[in-house]
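Residue numbering restarts at 1 for every chain, and letters A, B, ... go by the order of the sequence lines. Here the structure is a predicted model, which means the values were calculated and not measured.
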Number of protein chains: 2
Amino acid sequence: MNYSRQREEVLEQLNVHHDHPTADVIFSELRDKDPNISLATVYRNLKVLAENGIIRKLTFVSGADHFEPNVNPHYHFICDCCGKVCDVPMQVAETLDATASSYINGTITGHDLVFYGKCDDCCNSEDSSD
Amino acid sequence: MNYSRQREEVLEQLNVHHDHPTADVIFSELRDKDPNISLATVYRNLKVLAENGIIRKLTFVSGADHFEPNVNPHYHFICDCCGKVCDVPMQVAETLDATASSYINGTITGHDLVFYGKCDDCCNSEDSSD
DNA sequence: ACAGAAATTGATAATAGTTATCAGTTTTAG
DNA sequence: CTAAAACTGATAACTATTATCAATTTCTGT
């Protein structure tokens with residue numbers, strides 16, 4: 001993997017986010033800084049960065065894939081209303097893997113845990129003001 | 001929601017499966033029985049059946065959505081090698097929702113837990129025969 | 001049983017998200 | 001400095017899914 005300015009930009013832009021942006025969010029943000037960067041380049045680099053374990057691709061959201069810079073195992077919350085994804089900084093329940101192992105044939109290497117519900121913003125705006 | 005023969009067929013075909021088929025698997029299987037059924041009809045009915053809580057749509061697999069007839073909360077296993085999805089009949093850890101609640105703003109209504117690893121078939125065929 | 005409204009269908013166009021292709025450019029190692 | 005390898009931008013192609021629409025089917029009331 002050679003150095004490339006564009007890959008650096010993609011990684012930097014992802015690091016700016018605390019939400020979990022999609023490829024085209026990263027793309028349109030980068031376009032402002034670097035008007036020549038291509039959508040394919042953004043997809044390509046997000047893919048290769050994820051394959052090399054430098055970032056993480058989240059596939060559990062319906063529609064477009066999301067990306068995050070934090071590759072340490074952790075859990076997520078998705079708002080049913082607005083689709084927002086955020087981290088849940090609770091402890092990872094490693095015992096789950098062992099438990100699940102005894103219920104299936106094969107080897108378990110890890111798990112994803114995703115909570116669903118309604119985020120604070122959506123709760124507050126549901127039946128009040130605007 | 002009116003009755004329709006095609007919707008009945010889609011539901012029946014899904015019930016035949018113990019894996020978690022995608023829309024186009026259901027479609028091509030149904031085509032053998034009912035050569036006039038349309039791909040759009042299959043997508044449409046899987047969608048409306050899921051919206052009405054009769055079946056469940058699984059969005060956590062990369063690529064096409066998968067469907068299952070079992071709407072009771074339960075966990076899944078996905079093989080990293082072959083992509084196969086299967087149920088993990090372990091007990092649902094309801095305490096997780098309460099724990100997660102204290103780490104985020106908003107309300108949690110449930111969670112999805114997906115285990116990753118290598119299924120038995122892939123384990124056995126990895127470095128042996130064919 | 002019959003008419004009309006509502007729901008559904010099949011065919012296909014359209015859309016969203018992503019990957020493939022390819023000629024030209026950049027990076028890297030010698 | 002040069003050649004190979006990696007990478008880029010533009011865009012075509014592809015996959016998964018939804019929208020459109022005229023024709024058909026189902027349902028409801030009489």
### Message
Tell me the interatomic distance from A/Asn2, atom CG, to C/dG30, atom C1', rounded to whole angstroms.
### Response
15 Å
#### Entry: Nucleotide nearest A/Arg31 when distance is taken to its side chain, options D/dT17, C/dA11, D/dA10
D/dA10
### Closest nucleotide among C/dT19, D/dT8, C/dG17 to the A/Lys47 side chain
C/dT19
#### Entry: Pairwise 5' ranking along DNA chain C for B/Leu39 and B/Arg7, keeping only the more 5' one
B/Arg7
### Query
Over how many whole Å does the gap from A/Asn36 atom CG to C/dG24 atom C1' extend?
14 Å
### Query
Of A/Pro35 and B/Thr22, whose nearest nucleotide on DNA chain D comes first from the 5' end?
A/Pro35
## Note on the structure
note: B/Asn45, atom CG; D/dA19, atom C1'; distance rounded to Å ~ 16 Å
### Query
Parallel, tilted or perpendicular for A/Tyr75 and A/Phe115, by the 30°/60° rule?
perpendicular
#### Entry: Spacing between B/Leu30 atom CG and C/dG10 atom P, to the nearest angstrom
10 Å
### Message
Tell me if a side-chain donor or acceptor on A/Arg7 pairs with a main-chain N or O of A/Asn2 at a distance below 3.5 Å.
### Response
yes
### Task
Measure the distance from CG on B/Leu11 to C1' on C/dT8 and round it to the nearest whole Å.
16 Å
#### Entry: B/His76 ring center within less than 6.0 Å of B/Phe60 ring center
yes
### Message
By the 4.0 Å heavy-atom rule, please label B/Ala40 as base, sugar-phosphate, or nothing.
### Response
base
### Task
Determine: side-chain N/O of B/Gln6 to OP1/OP2 of D/dT25, distance under 4.0 Å, yes or no.
no
### Message
For the residue pair B/Thr41 / B/Arg44, report whether a side-chain donor-acceptor contact shorter than 3.5 Å exists.
### Response
yes
### Nearest-angstrom distance from the residue atom CG of A/Asp24 to P of C/dT19
13 Å
### Query
Under 4.0 Å between a side-chain N/O of B/Thr41 and OP1 or OP2 of C/dG10, yes or no?
yes
### Query
OP1 or OP2 of D/dT18 sitting under 4.0 Å from any side-chain N/O of B/Tyr43?
no
### Query
Does B/Ser4 make a side-chain N or O approach to OP1 or OP2 of C/dT9 shorter than 4.0 Å?
yes
### A/His74 and A/His20 aromatic ring geometry - parallel, tilted or perpendicular at 30°/60° bounds
tilted
### Task
Could you state the atom-to-atom distance from NE2 of A/His66 to P of C/dG17 in whole Å?
9 Å
### Interatomic distance, B/Met1 CE vs D/dT26 C1' [rounded to whole Å]
14 Å
